[in-house]
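Accompanying notes for the structure given below.
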Amino acid sequence: MSSLKNIIGGLAMAATVALAPMAAHADDQDTIDYRKHVMATLGAQAAALFMTLQQKAPAENFAHHVKTLAVTSQQALKAFEPNVEGGTAKGDAMPKVWSNWDDFAGKMNDMVAKLEALDKAAESGGMAAAGSMVKEAFTCKGCHDEYRYAE
Ligand code: HEC
């Protein structure tokens with residue numbers, strides 16, 4: 001995993017590359033890194049959200065975490081579109097993601113829809129309205145059990 005300093009340095013460089021006339025090309029490792037970054041964001045935001053529910057973190061941030069999850073979830077399916085297998089270590093994506101794409105995509109879209117509904121509820125009623133909907137919106141494990149090598 002790159003250090004934050006490298007990531008920020010890389011960001012400045014990526015911005016330069018994006019403006020350069022020659023198109024840069026994503027290789028297989030970029031594809032894997034990209035989807036892991038998106039999923040890791042979901043993981044960190046889910047952990048932060050649970051801390052607000054457990055009253056170990058500011059309750060005012062509950063709705064912000066829900067919104068971040070709803071937005072990030074929309075990035076996930078696109079990140080998995082290129083068929084690049086990620087190895088067989090625990091936590092890696094199984095080849096089944098692509099051989100069973102319609103089911104995988106359906107599960108991803110289902111999560112996006114549920115997080116969107118959660119976001120709407122959190123926006124209007126905060127934790128009191130949306131807290132009880134969190135469990136149903138977190139379909140993470142169902143997909144991981146089927147599409148990631150067991151941890
Ligand atoms: C439709 C399937 C699907 C859903 C839904 C899903 N995930 Fe994932 N997730 C995956 C797959 C596949 C990987 C493995 C990606 C890889 O290693 O290339 C993954 C990887 C991860 C990782 C590890 C990232 C890394 O750095 O290696 C985290 C954390 C994660 N998911 C969190 C979540 C959370 C939290 C949710 C629910 C809010 C969620 N996921 C919902 C399929 C899913």
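These numbers come from the heavy atoms of this one structure, side chains and all, not from hydrogens, waters or symmetry mates. Read the numbers this way: they start at 1 and go in the same order the structure lists the ligands and their atoms.
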Using the ring of each side chain (for Trp, its six-membered ring), is F80 parallel, tilted or perpendicular to F104, with breaks at 30° and 60°? perpendicular

When the ring planes of F50 and F138 are compared, do they come out parallel, tilted or perpendicular, using 30° and 60° as the limits? tilted

A93 touching ligand 1 at heavy-atom level, < 4.0 angstrom: yes

Whether I32 lies under 4.0 Å from ligand 1, heavy atom: no

What atoms of ligand 1 come within less than 4.0 Å of a heavy atom belonging to [X]?
X	result
G91	14 (C), 17 (O)
M111	5 (C), 37 (C), 38 (C), 41 (C)
R35	16 (C), 18 (O)
C143	1 (C), 2 (C), 3 (C), 4 (C), 5 (C), 42 (C), 43 (C)
K107	1 (C)

Once you restrict to heavy atoms under 4.0 Å, what part of M94 touches ligand 1? Side chain, backbone, both or neither. neither

Ligand 1 versus F104, non-hydrogen atoms closer than 4.0 Å: side chain, backbone, both, neither? both

Is there a nitrogen or oxygen of [X] sitting under 3.5 Å from a nitrogen or oxygen of ligand 1?
X	result
R148	no
H144	yes
T139	no

Judged on heavy-atom distance to atom 21 (C) of ligand 1, which of M39, K36, K141 sits nearest? M39

Heavy atoms, side chains only, cut-off 4.5 Å: are Y34 and D30 in contact? no

Side chains of T139 and K114: does their closest heavy-atom pair fall under 4.5 Å? yes

Distance check, rounded to the nearest 0.5 Å: M111 atom CE versus L42 atom CG? 5.0 Å

Once you round to the nearest 0.5 Å, how far does CG of L49 lie from CG of L53? 5.0 Å

With respect to M127, which candidate in T52, N61, V66, V134 satisfies the side chain to side chain contact (heavy atoms under 4.5 Å, CB included) definition? T52

As a quick check of understanding, evaluate salt bridge (Lys or Arg N to Asp or Glu O under 4.0 Å) for E123 and K120, giving each step before the final call. CA-CA 5 Å; E123 246 178 21; K120 285 216 171 74; over 6 Å; no

Y147 to K107 - nearest heavy-atom pair and separation: CE1-CD, 4.1 Å

